[in-house]
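What follows is a set of notes on a single structure, which appears directly below.
Residue numbers run from 1 in the order of the sequence given. On a predicted model such as this, the values are computed, not experimentally measured, just so you know.
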Amino acid sequence: VTPGASTRVLVGREISQNALQASREFHDLILLALQPDPEKEEISVKDLPSVGVLAHVQSVMPLPNGCWRVLLEGVVVVDLVNPEMSKGKYFSSKISLRHYATINDVLLQMIVTETIRLFEQYARVQNISPDIVADVKSKKEPYEMYMSMLPFIRISSEQEQKALEQKTLDDLGRTISAYLQAALEVESVVEHVRDDVQLKMQQNQKDWFISEQIRMLQREITDGEIDE
């Protein structure tokens, strides 16, 4: 979940469901933190990352299997300050808004321009609506623009977390640009393989058609000799 994006998730763990229930006391706001090892059943405060996302719980739907289908909307990226186990039921933490510093304004603008260029290419490849691209480009602040891009880039939760943990806008832009560049390179390889397979299929069909014609001609010649 990233700021400005809405996401549906399935919540099954008791500790997470406890946190959702507690969010009602805080205007339906909940702190989301990525668990580094998703296979680990028992987690402690030490397992929590230092950066998370404050999100708004839009809806909760209990399912027959005991899980909850939850609609979340990301609000802002935050730093976790002294996280702890609250009442033995769920994790809680003080938070501070994460500030992405700017090292060099000229360099930042260059990175922003390049990131937009890559995102436009990526959007064409992935058939992302031009309206979405226009909305991303309309963001005046680089932070807002980057956050509006992230939900549309096919990356893992770990890669998304890595982006959020960057310390400067320059590094955040570089990280997202690297994801876009990698995705475009993969798509280029896939397209090349697809074209190669299609070409071979066409060649095989052509060879089969020629073989069929030769076989039919040979049959006609053989039948003609028998008739004589």
**OP:** Would you indicate whether the side-chain heavy atoms of Met85 and Ile15 approach each other to under 4.5 Å?
**Re:** yes
**OP:** Say whether Gln161 and Glu165, considering side chains only, have a donor N or O and an acceptor N or O under 3.5 Å apart.
**Re:** yes
**OP:** Report yes or no: do Val1 and Ile176 belong to one cluster of Ile/Leu/Val/Met/Phe/Trp/Tyr joined by side chain heavy-atom distances under 4.5 Å?
**Re:** no
**OP:** Tell me, yes or no, whether the heavy-atom count around Asn82 atom CG, taken from other residues, nucleotides or ligands under 6.0 Å, exceeds 12.
**Re:** no
Subject >> Closest contact, heavy atoms only, Val11 versus Ser16 >> reply: CG1-CB, 3.5 Å
**OP:** Answer with yes or no whether the hydrophobic clustering places Val133 together with Tyr146; edges join I, L, V, M, F, W, Y residues whose side-chain heavy atoms lie under 4.5 Å apart.
**Re:** yes
Subject >> Beyond-backbone contact of Gln181 with Tyr122, side-chain heavy atoms, under 4.5 angstrom >> reply: no
Original post:
With a 4.5 Å heavy-atom cut-off, do Leu20 and Tyr90 have their side chains touching?
Top reply: no
Could you go through residues 108-116 and list every donor-acceptor pair under 3.5 Å that involves a side-chain atom there, pairing it with any protein atom two or more places apart or in another chain?
from, atom 1, to, atom 2, distance (Å)
Thr113, OG1, Gln109, O, 2.9
Glu114, OE1, Arg117, NE, 3.0
Glu114, OE1, Arg117, NH2, 3.4
Glu114, OE2, Arg117, NH2, 2.6
Thr115, OG1, Ile111, O, 2.7
Thr115, OG1, Ser177, OG, 2.6

**OP:** Would you please name every residue forming a side-chain hydrogen bond (donor to acceptor under 3.5 Å, both in side chains) with Lys137, sequence neighbours left out?
**Re:** Glu120
Subject >> Residue pair Leu172, Met147: steps toward the side-chain contact (heavy atoms from CB on, under 4.5 Å) verdict >> reply: CA-CA 10 Å; Leu172 179 59; Met147 289 300 125; 3.8 Å; yes
Original post:
With Tyr143, which residues qualify under ring-ring contact (aromatic ring centres under 6.0 Å, His included), at least two apart?
Top reply: Tyr100
Subject >> side-chain contact (heavy atoms from CB on, under 4.5 Å) partners of Ala5, counting only residues at least two apart >> reply: Thr2, Pro151
Subject >> Cluster overlap Ile30 with Phe91, hydrophobic side-chain contacts below 4.5 Å >> reply: no
Between side-chain atoms of residues 46-61 and protein atoms elsewhere (two or more places apart, or another chain), which donor-acceptor pairs fall under 3.5 Å?
from, atom 1, to, atom 2, distance (Å)
Asp47, OD1, Lys40, NZ, 3.1
Asp47, OD2, Lys40, NZ, 3.2
Asp47, OD2, Ser44, N, 2.7
Asp47, OD2, Ser44, OG, 3.4
Gln58, NE2, Glu73, OE1, 3.1

Original post:
Hey, is CZ on Arg13 packed in by over 12 heavy atoms from elsewhere, all under 6.0 Å?
Top reply: yes
Subject >> Verify same cluster id: Val75, Leu71 (apolar side-chain graph, 4.5 Å) >> reply: no
Original post:
Do Leu31 and Ile95 touch side chain to side chain, with heavy atoms closer than 4.5 Å?
Top reply: yes
**OP:** Give me the other members of the hydrophobic cluster that Leu34 sits in, counting Ile, Leu, Val, Met, Phe, Trp and Tyr linked by side-chain heavy atoms under 4.5 Å, directly or via other members.
**Re:** none
Original post:
Any chance CD of Glu14 has more than 12 other-residue heavy atoms, nucleotides or ligands included, within less than 6.0 Å?
Top reply: no
Subject >> Ser93 and Glu84: CA distance, side-chain angles, deciding distance, side-chain contact (heavy atoms from CB on, under 4.5 Å) verdict >> reply: CA-CA 6 Å; Ser93 176; Glu84 61 181 9; over 6 Å; no
Subject >> Evaluation steps, side-chain contact (heavy atoms from CB on, under 4.5 Å), between Lys162 and Tyr179 >> reply: CA-CA 11 Å; Lys162 179 182 177 181; Tyr179 292 158; 3.6 Å; yes
**OP:** Only one of Leu164, Val77, Val76 passes side chain to side chain contact (heavy atoms under 4.5 Å, CB included) with Arg98; say which it is.
**Re:** Val77
